[in-house]
Amino acid sequence: MRTRLVALSLALLLTPALGQSPALPLSEAQIAAADHQRLLDLLHITELRPAASHDPNSANAVNYDEAKANLWPKRPNPLVLNNGKPVASAAIWRTRRRPELFELFDREILGRVPANAPAIRWQVVSTTQGSDAGVATTTKHLIGHADNSADPALTVNIQADLVLPADAHKPVPVVLEISFDKYPIDPAHPLKLPSPTESLPTWKQQVLGKGWGYALLYPTSFQADSGAGLTQGIIGLANHGEPRKLDDWGTLRAWAWGASRLMDYLETAPAVDARHVAVEGHSRFGKTALVAMAYDSRFAVAYLSSSGTGGAKLFRRHYGEQMENLAATSEYHWMAGNYLRYSELKPKEVTPADLPVDMHELIALCAPRPVFIGGGTLEGGDGWADVRGTFIAEVAAGPVYKLLGKRPLSDDRGPSDAFPAVGTALIAGDLGFRQHSGGHTPLPNFPTFLTFASRYMAP
Ligand code: GCU
């Protein structure tokens, strides 16, 4: 009921002339546009800067020229406190700087998980036996029921699967993927995940081949990938079906929260070695995996594939997708409402340079735990995700790893901040990187990630 009221009030926002009755039902795009406008009004923004366009003839054509990428060379220093004093020790990093950074990311970029986020009760719905490339598997189909006693009209369930080698004699490490499997396909805007250029076993087979298991979290089962869904799903349930406040969680934070809830389940599963759970995701779910890793220190290692803008890439990088794209009606729901402020054009221009943080600091919040970052090439079709922009951010997270006694990006000779040749793995440190020669796919870097992760996933 409340949800309908909200849809109705959003519909009124869309109704141009007074007295004209709203035309229902609204399309998802219209609901998102009205909610987006509501946030702009709250922020007193009258115009946003235009997003980068895929059309090369547009005035805002996406930039793929490295010479023009460094528009905002000054980055915030993760090792300086808000009061300007240096972070002189690991203890100060842990007790003072980390909380400061979390507060800034919560308030300005990702949004806060509400204190009343519903409790989740996990249920094994069914268990099936199978096999994959000769490995016998046991799959548990899981549902995490969200407590909706405060709002029985809203039902939210987290869907997930846990696939383990059937013949394991002891608890096994698990790769938790924030998964595109079961991602709803919109025929108008199908997600293009090209088939990989290198022929490899599937990542699931590679993981099972190591004697590990994997878990698949289906993010859109509990939070839709659209602005129209923000009064429903877990965000809507916590908000009693009302629209978000400016610092309420966006879907990246909500999806990452779901990964943490699945981790809660894994901690109770006797067949899982919960101290060795990796979190992995690609593209929008690579962004999500970074958020999950930064905020939940139970994840032992992360693989962030082509996570791009809103992921491991610096906002202060004029190359590929831009922060304005994530402020537009099709993607703003990933972020907190306050995030829109940094794309303001009118009445007063605010730019990425005004952000109090940047994404190298979200990578730094994963420290001291190991993070592997990968992606494809411009020629292969992954320019939008700006893999070099994620590399630069990863280099800039290095000083925090060093402060905590860990190794920054390194090759066999020691620390290295030189962008490596395509296909060269930089995995001698606790931060790892590789650019594969293909496009927008996580598969070609999976073997390198597993080599990297193996150093940390042993019992
Ligand atoms: C779009 C979006 C990216 C995102 C990608 C994906 O291209 O602009 O930010 O990473 O979709 O999730 O595949």
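Nothing fancy with the numbering, it's 1 onward along the sequence. Every number for a ligand or one of its atoms is a count from 1 in the order of the listing.
An N or O contact shorter than 3.5 Å links R284 to ligand 1 by distance. An N or O contact shorter than 3.5 Å is missing between H282 and ligand 1 by distance.
Heavy atoms of Y183 stay at 4.0 angstrom or farther from ligand 1. Contact analysis puts E331 in contact with ligand 1, with a non-hydrogen atom separation below 4.0 angstrom.
Interface atoms of ligand 1 facing K287, defined by a heavy-atom separation under 4.0 Å, are 3 (C), 4 (C), 9 (O), 10 (O). Atoms of ligand 1 lying under 4.0 Å from any heavy atom of S283, numbered from 1 in the order shown and given with element: 4 (C), 5 (C), 6 (C), 10 (O), 12 (O), 13 (O).
A salt bridge does not link R284 with E331: every distance from a Lys NZ or Arg NE/NH1/NH2 to an Asp or Glu carboxylate oxygen is 4.0 Å or more. Taking a cutoff of 4.0 Å between a charged side-chain nitrogen and a carboxylate oxygen, D41 and R38 do not qualify as a salt bridge.
The residue F285 has no part lying near ligand 1, judged by heavy-atom distances below 4.0 Å. The side chain of E321, and not its backbone, has at least one atom closer than 4.0 Å to an atom of ligand 1 (non-hydrogen atoms only; side chain from C-beta on).
Heavy-atom minimum distance, N82 versus R97: OD1-NH1, 3.0 Å. Taking both residues in full, the closest heavy atoms of K204 and D181 are given as NZ-OD2, 2.7 Å, listed atom of the first, atom of the second, then distance.
Remark: the D225 side chain and the W334 side chain contain an N/O donor-acceptor pair separated by less than 3.5 Å.
Using the six-membered ring where Trp is involved, F391 and F419 have ring planes that are perpendicular, over 60° apart on the 30 and 60° scheme.
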